[in-house]
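Worksheet: one structure, shown below.
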Amino acid sequence: MFPKSFFTLLILFILSTAVYGGRVIVDQSSSDLVSDGVHGGGGRNSSSIGRERRVISLFAAPVEEACEQSYGFLPCTKTALGNVFLIIVYGYLMFSAATYLSSGSELLLEILGPGLIGGLFLPILGALPDAMLILVSGITGSAAEAQSQVSVGIGLLAGSTVMLLTVIWGTCCIVGKCDIENSTAVDLKDTKGLSLTGSGVTTDIWTSYAAMIMAISVLPFIVVQLPQLFHSNSGRHLAVLIALIISLSLLLSYCLYQVFQPWIQTRKLAYVKHKHVISGILKHLKKHALGRLFTDHGTPNIEVLEKLFNAIDENGDGHLSHSELRALVVGIRLEEINLEEDDAIAKVLKDFDTSCDDQLDLQEFIDGVEKWLYEARSSNGSSAQAGPNTINYIDDFHEETRREHSLLGEDQSDELVEGVENPRKVAIKAALLLLLGTIIAAVFADPLVDAVNNFSSATSIPSFFISFIALPLATNSSEAVSAIIFATRKKKRSASLTFSELYGAVTMNNLLCLSVFLAIVYSRGLVWNFSSEVLVILIVCIVMGILGSIRTTFPLWTCLIAFALYPFSLVLVYVLDYVFGWS
């Protein structure tokens, strides 16, 4: 961390002192050199100036006016190569800002845990660099200048979304692949190479929920596009306002879901564990019963249940104690759901012990088993009428509970979380990292946007394509690298967290960053004219959202879909804008 911080500070020092070193005197007609704000020849002849221009300038600038320095001292240029250098430098600084924000967020999470911090604060910090670039792309200059610059913002918004869901998604799928057996990727087993159907990743059901939410988050894009869809000019400004309100509402709802999602997950996992205990004990009773647990008329077989009760009641006192109930939970593989035997026995007593005397009599045992048998049948959609094959539903119920627990993933609350040794020191370090990242993002967002626009002018390449390809590499590289590294652990849980983070980052792009963009368009009275860009976002988010919603196992052939969407997006925008003239 400290070498990177030193390198970043070194770049800041070079940029801040660049205006004092190697000063170049230019005349009024010179626009392709690095400017320090000094104009006029000062008595020097034009031939010497021309020689300097030929030595220093690598590309002739097509525009006559001198470039405008950001904050009055940062270097600027109108040449293509010079702006490439500035884009790289400023892009690295934005990458550093994103890294500092990510590191500070993780430290803060260690101290304060999930909930408000993990659900509200961290997602906003993750989207801050993108939001800052979008903000400065339309907030500075006149309305006419802002209208021309917002293409950088929409390019970044579309580029970040597409890159995360295509290139990064596909790469994570490849590096995290495991052998697929019985429609599930087996942790840490990778023997089938690049088999398109035999290798892949498996995620939990919460990741599917994240994909669904991501697909829903494109709703504001659809709303803001409705006037253009119906070829109406009168309602465009109103549509922007409505889309902004919807976007902010969805953003608030998503943050609340993130805050309460750990609690929801814990409650659902506890319920599934309880069902697993039920199914395991019923299967154990079925295996050791001398006859069927149900009669042909659908009533409990009292004779069989009495024999089971007497077999479990070792001391013959007519009650099942805590130690005797242990025989019920032995052999039902509680390790599959990270549940201790004592916890399983407690669940049995909670459901069976109506007298609350911490033991079971015969009637309580019969009533409890009957209730569980009816629950098992009803969960499989069977009728109340029992038949010869009724008991088969116990096996179906057991398999169902195992699948549900597998889809929900591991219970994170069961893991041992080590305490932070020095919370005060860690908190100060987290605050400094967050502050440094925020300052760098705020200061260098505007120069980066200017460099992109100047490069676009020098090369006649639309600024949208530059921001679509280059800027996401700066603002999302830290997130992308960490996701890829995490995916290499080749486990279901790591894959679930990786893809959930990707879906979450896109959701924040679609809500927070879009809200900033819509606010700029509405407040400054700009024209919403981004039909092709919106279409690209819709296609990629809906395709990958549906894919992530309907599947929890992704064979390698799904990577081909993801990778193909990236060049498809670029080609689609170019064809719609420059062949059919949409924008």
Side-chain angles (χ1 to χ4, degrees), residues 87 91 130 133-134 137-138 146-170 214-215 217-229 231 236 239-240 243 247 448-449 451-476 480 502 505-506 509-510 513-514 516-518 520-521 526-547 560-583:
I87 290 174
D130 285 358
L133 281 169
I134 292 172
S137 70
Q147 184 68 56
S148 64
Q149 288 183 348
V150 288
S151 60
V152 175
I154 194 67
L156 172 62
L157 181 59
S160 296
T161 295
V162 173
M163 185 186 77
L164 289 172
L165 290 180
T166 58
V167 178
I168 306 303
W169 193 98
M214 180 196 68
S217 69
V218 301
L219 181 60
F221 286 103
I222 299 175
V223 172
V224 76
Q225 202 62 33
L226 288 178
Q228 288 179 284
L229 185 63
H231 305 287
R236 291 193 177 189
V240 171
S247 181
L448 179 56
V449 172
V452 170
N453 284 322
N454 290 336
F455 179 78
S456 175
S457 299
T459 60
S460 299
I461 299 175
S463 57
F464 167 83
F465 292 101
I466 302 171
S467 56
F468 185 96
I469 297 173
L471 294 190
L473 296 176
T475 58
N476 293 286
L502 293 180
V506 173
N509 277 343
N510 292 344
C513 296
L514 178 63
V516 173
F517 194 82
L518 290 172
I520 293 173
V521 172
L526 305 181
V527 178
W528 182 271
N529 192 25
F530 308 106
S531 299
S532 58
E533 294 86 345
V534 168
L535 182 60
V536 162
I537 294 174
L538 289 177
I539 291 175
V540 174
C541 285
I542 291 175
V543 169
M544 298 306 296
I546 292 176
L547 183 64
L560 302 179
I561 298 176
F563 287 134
L565 285 173
Y566 190 84
F568 169 79
S569 301
L570 285 172
V571 173
L572 182 62
V573 171
Y574 180 83
V575 170
L576 294 179
D577 282 351
Y578 298 97
V579 177
F580 294 99
W582 276 29
S583 296

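This one's a predicted model, so the numbers in the text were calculated from it and none came from an experiment.
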Residues in side chain to side chain contact (heavy atoms under 4.5 Å, CB included) contact with [X], at least two apart in sequence or another chain:
X	value
Q147	V150, L526, V527
A505	L164, E479
L572	L535, V536, I539, F568, L576
Q149	T140, D450, N453

Could you report the tightest heavy-atom contact between [X] and [Y], atom names first, then the distance?
X	Y	result
P220	A243	O-CB, 3.6 Å
M214	M544	CE-C, 4.1 Å
G545	A215	CA-CB, 4.3 Å
V224	F221	CG1-O, 3.2 Å
S247	L518	CB-CD1, 4.4 Å
S531	W582	CB-CE3, 3.6 Å

For the backbone of V162 and the side chain of T166, can you confirm whether one donor and one acceptor N or O come within less than 3.5 Å of each other? yes
Donor-acceptor contact below 3.5 Å, side chain S456 vs main chain I461: yes
Once side chain to side chain donor-acceptor pair (under 3.5 Å) is applied, do any residues pair with [X], and if so which ones, sequence neighbours excluded?
X	answer
N454	K78
S151	S463
S217	N510

In Å and rounded to the nearest 0.5 Å, what is the [atom1] to [atom2] distance from [X] to [Y]?
X	Y	atom1	atom2	result
S467	L448	OG	CG	9.5 Å
T475	N509	OG1	CG	8.0 Å
L514	T161	CG	OG1	9.5 Å

Partners of F464 by ring pair (Phe, Tyr, Trp, His ring centres under 6.0 Å), sequence neighbours excluded? F468
Under a 4.5 Å cut-off applied to non-hydrogen side-chain atoms, are W169 and L547 in contact? yes
Should L538 and Q225 be marked as a side chain to side chain contact (heavy atoms under 4.5 Å, CB included) after you check the CA-CA gap, both sets of side-chain angles, and the distance that decides it? CA-CA 11 Å; L538 289 177; Q225 202 62 33; over 6 Å; no
After noting the C-alpha distance and the side-chain angles of I469 and Y566, does the key distance pass the side chain to side chain contact (heavy atoms under 4.5 Å, CB included) rule? CA-CA 10 Å; I469 297 173; Y566 190 84; 4.0 Å; yes
Name every donor-acceptor pair, under 3.5 Å, that has one atom in a side chain of residues 152-160 and the other anywhere in the protein, sequence neighbours excluded.
{"unit_1": "S160", "atom_1": "OG", "unit_2": "D130", "atom_2": "OD2", "d": "3.2"}
{"unit_1": "S160", "atom_1": "OG", "unit_2": "L156", "atom_2": "O", "d": "2.9"}
{"unit_1": "S160", "atom_1": "OG", "unit_2": "N476", "atom_2": "ND2", "d": "2.9"}

With sequence neighbours excluded, give me every side-chain hydrogen bond (donor to acceptor under 3.5 Å, both in side chains) pair touching residues 534-545. none
Passes side chain to side chain contact (heavy atoms under 4.5 Å, CB included), V452 versus I87? Steps please. CA-CA 7 Å; V452 170; I87 290 174; 4.2 Å; yes
Hey, can you tell me if F517 and W528 have their rings parallel, tilted or perpendicular (30° and 60° cut-offs)? perpendicular
